Amino acid sequence: MESRENQSPQDERARVLVEFLEVAITSIIFLKGVYPGGAFERRRYMNVVVQRARHPQLRDYIHSAVTGLLPFIQKGLVNRVAVIFSSTDNIPVERFIFKLTVNQSCDLKVEEGDLEFSLRSFLMKLSVSGPLTKVLPRDCRWEITAYFSSIPQVGTSKYAELWIPTDTKQWQQPPLITPIKSMSSEPLFMQLYLEHPSLSEPKPEAKNY
Amino acid sequence: MSRESSRSANSGQRSKRSLNSSNYSNNSNSSNKKSKISNQKTLGMAWGANSLSSSRSSFRTSPFSDFGSYMVEKNRKLQNQFNAEASNSSHGGSSSEKPIFDGVSIFVDGFTIPSRQELRGYMLKYGGRFENYFSRHRVTHIICCNLPHGKIKNLRSFSGGLPVVKPAWILDSVVASKLLSWVPYQLEQLADNQPKLSAFFAVKNTPVAEDALNVMDPSLKGGTSQDAGLFVVGDPVKEGEQIDGQFGDHDCKIEEPSSSSGKSSEVRMVEPTDTEDESSVNNEIRSRSCPLSVSVRIDCLDNQNVRKSPTPSIAGPSNPHHSTLEDPNFVDNYFKSSRLHFIGTWRNRYRKRFYPLSNEFRCRSASTVNASDNSQKTTIIHVDMDCFFVSVVIRNRPELQDKPVAVCHSNNPKGTAEISSANYPAREYGVKAGIFVRDAKAICPHLIIFPYNFQAYEEVADQFYNVLHKHCSKVQAVSCDEAFLDITDLGEIDPEVLASTIRKEIFETTGCKASAGIAGNMLMARLATRTAKPDGQYYIPPERVDEYLHELPIKALPGIGYVLEGKLKKQNISTCGQLRLISKDSLQKDFGLKTGEMLWNYSRGIDNRLVGVIQESKSVGAEVNWGVRFKDMQDSRNFLLNLSKEVSLRLQGCGVQGRTFTLKIKKRRKDALEPTKYMGCGDCENLSHSMTVPVATDDVEVLQRIANQLFGSFHIVPPSLYDLDMGVIESLPSELFSELNEIYGGKLVECIAQSKGKREDSSGSSRILYHEREEGTTGCGEGPLASNIFPPNMILVEHTAKQHISEQSPSAPPVSGAGSNNEAYQTAGLVNIDLMPSSLSQVDTSVLQQLPEELRADILELLPAHRRREVISTSSFVPVTENAQEPLKIAENQSISVNSILNSDLWSGNPPQWVDKFKVSNHLILRTLAEMYYKLGSTGNLSSILQRAISDCLYILDESDDSWADEASHYLCELLKQYIEIKIEFDVEEIYLCFRLLRRFTKKSKFFLQVYNIVFPYLQSSVGDHYGGHLHISPHE
């Protein structure tokens, strides 16, 4: 996209990562069938077939959300990026979590091929992980939420102003985790896993005596 | 686009808030005259003021973003209140009270006596803390009076490894005005003091055990548990003697650590007062060579406190416990001396003997039943011998006729054998069937007790039935001493005359008395016999049935047991007359269709059963429910074999074959107390599994195979390695305490102080430490303590090594300030050089490194040369930063240790160290895993190895030999744990794959099931630490 020569390896990695997240999140949305199939079109990314949103608003939401993360990913502040599907009353039904760890101190230039190989395996695994997921209720909502390892200073970025508090509630019990894919390609470690409410979730905490 | 901003912001606010309120609480402490209410108000204000500064919008709608933050706030408020009250009370006159509970923080679970409020008051007054909500990090002790079954079963998840103590601990501590050790106050439900079969037989093999007095070593007779907290049986020569010594001690344990790992054994004894009893029971058993009794009991080593120490030698045939257990006549002997077995198998005998008679009768009765329907009035005689088991035994001893006599397995006045039958003179004293001998002797000191005489019983029963069959062809045998006769067809004979003739004849032939009841149906005849006894007869004519029943207590009706009686009592029904007032419908509604109808009928004296309908045996089986204790899987397998043999014999004896096989198991409940009955089964869970085979069989081998298969399906595994006791931290040099103490946030020092108070009770203090350590592993994930990687059982071995040193070099400085503890261990008289761990993986490096220089040098000195080489070579190629979690520790290790032994790196190197270790292992599965590694090349992923193993050689899983299973499972667990440690942070997918594969293995192999069960909790807690959730591995995949 832009000229890559004048970028530090960290920036370069962050850029690839953000790009990948955009694709992966779109794939998740497609996988979960939130929108009719016609809302997506087949594209090729890193030599695998992926889906791309056709509706401009959807595409923009995903794109702006992940691009908004770029400066923070570059700083290594972003801990996890979650795609949360929740019921109408904002109780999460399923969460796709991308757990990111970027070794900031590493100056090595990413081997494009290695990284691509790893990321591709993510996309391939993602496309077949449908059976692991839950059937969503009707009228579900979804959102992209980022978890930061520390609070960014206000005003670091113009994007900060775009933040809105999430309405989505949290589970009271530790969730059940189903790993989908992990990759460790120094200096980038990324894992994708699913979180589902624990079986004891709906009950309120019974420790109130 | 929504982000985590609100939450992040929240946490920011929260931290500000907490800062503020802690300031505040300081204020309140200094000026503690303020009341509780004003505290709250100010807290609220401080809060509001704070939240002004940040985004108000989110707070206007709800003050808490989620439940969690609400609880944080609530907990803090409660704590503040507590602090305020505590400072109030301490300043309010009673300031002289010692803060004995300093550092103790209790959580009260459920209903307690005294109430939680009172306990809270004590904690307030004596410097302790009181938590309203359980938290593993804040609570140090859980106080409760009893626990529900669920919590006991899942104790770890409930208590998080914290001690669960009775409230008496607090009260007694207050009275003693010092902190007592909580160990004696541990909830009984959790304590384990079950005697084992091995203990039982150990004595039997002791050559000196001639009689009760000889068995007891006089010096140990009054021995206390204090000076014998831990026996180490390492020397075979001493073994017998030491086992003798066990007798005086309450609940002491024999640990048998030795060179390499294998089985452990544990011997627990019952209370000292029972000593004589045991030995004489043993005598009896030896003299008749038969442990008595009936019905299966499989004790599956599931106890909380079972200690495992790696020792193969114990499994050897020289072990006296073991050999007895393997006694091939074990089951046979059981049945030879079982009364219930006699009664149970008597029926077959009877049928064979009287088959032609009863067959003929059945044909006839079949025709007459239809014809005679209700038209003819039936007359039934019920004949029952009076206290059969006693009277047969004394039938030739007229001088005993009017003396109290009972029949029982054991004549020991303190025994817990049950009286099986008592004669009428004895019954006058209150001696009855089912009570323990000791109780019987207590109420009737001159009670004469006879053993069973099965031959005589058989003889008399045959005579009895001969008489009955002579007089009447319609005989229905109920039991060996009880029968119904249908004399309807005999017509003109007066039933009363007939009954007295029969009784007279029975007395003449057998020398025993019988009673008879005569009535219109079986129910009434039986009830009549009740009135007739002893040695009499009673006739209830139809017109007097109502009268007879009117005042009859309902308990007397057959089919009304304890439970049903209780239910009826609740409805104020105690006699049949009262029962009759209730309609059939409401009875059926309350007690079910069948029972309701039965109650309705019986209360009116209606009984439609016909005499002579001999029930075909629908099943043939064998059951042993007494004296069964297993030490390992091999024991249970042998036992199953013997049981299968017995069943096969019985099948052949009855001339039948079976297709559906059921294995019933009594598994001791976790919370079960020691059974009152010696070697009894106590409180057990009853489990059963069935299997139907296509072709009916009575073949022993087939039966055995089925039994093993069924047994496997119970998934009963030996206790996990977690359940180990250790007392190592205590023996560390004092500098290390401060360090460890910091890690634990100061708790360790208190804990040690606590244990110092109880120094004499060595096992007690080590338990405290054990818990402390457990908390370290689970609670402080970040702590540099090595316990994250080393499973507890390694420490035990290390422990041994240390003892060893103190033995070998008495001049060496005491291991620590806590050195006096070692005195206790030394008394154990450990001399076996070969107790040094044979493999380095058994040595807990962290402990070793923490030892003073000289001691460490000593230990390394003592390692055989080849072992030492291994030490050095291992330490050389281990990457120092292997474990990112403990940089601090490692840095320190480097500074203090020269020859460090590392075992935390089974996965380092290429090929990884485990491959080499497993390659030479004795265990087939481990060898296979190592082979798989080579087959796959050097990808090194465990999941691919397991995958390959699953597709290649699943067949091996079944036939692994058990003798090395413990060691092997320990290795495999260690391997897995280290793998988790390495992979958890960045590759949870790999771990997920591995455990799903392992789960598949568990279906096939008990070995893997054991490993899986041990490692699984570790996995989940690790995942919890890193991902805040649990791995979703479905149990029914």
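These figures come from a predicted structure and were not determined experimentally. Residue numbers start from 1 in every chain, and the chains themselves are labelled A, B, ... in the order their sequence lines are given, proteins ahead of strands.
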Decide yes or no for [X] and [Y]: does some side-chain heavy atom of the first lie under 4.5 Å from some side-chain heavy atom of the second?
X      : Y       : result
A:K99  : B:Y1027 : yes
A:I177 : B:H1032 : no
A:P179 : B:L1031 : yes

Return yes if some donor-acceptor pair links the side-chain N/O of A:Q191 with the main-chain N/O of B:V988 below 3.5 Å, else return no.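 Looks like yes, one N/O pair under 3.5 Å.
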
Closest heavy-atom contact between B:G1028 and A:P175?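 Taking every non-hydrogen atom into account, O-CD, 3.1 Å.
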
In chain order, what residues pass the salt bridge (charged side-chain N to carboxylate O under 4.0 Å, His left out) check against B:E989, with sequence neighbours excluded?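 Partners of B:E989 by the salt bridge (charged side-chain N to carboxylate O under 4.0 Å, His left out) criterion, ordered by chain and then number, come out as A:K125, A:K181.
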
Sequence-distant partners of B:Q1020, side-chain hydrogen bond (donor to acceptor under 3.5 Å, both in side chains), two or more places apart: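 With neighbours one apart ignored, the set is empty.
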
Could you tell me which portion of A:L194 (side chain, backbone, both or neither) has an atom closer than 4.5 angstrom to a non-hydrogen atom of chain B?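 Nothing of A:L194, per the 4.5 Å heavy-atom cut-off to chain B.
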
Rounded distance [0.5 Å steps], CZ in B:R996 versus OG1 in A:T178: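 If I round to the nearest 0.5 Å, the distance is 8.5 Å.
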
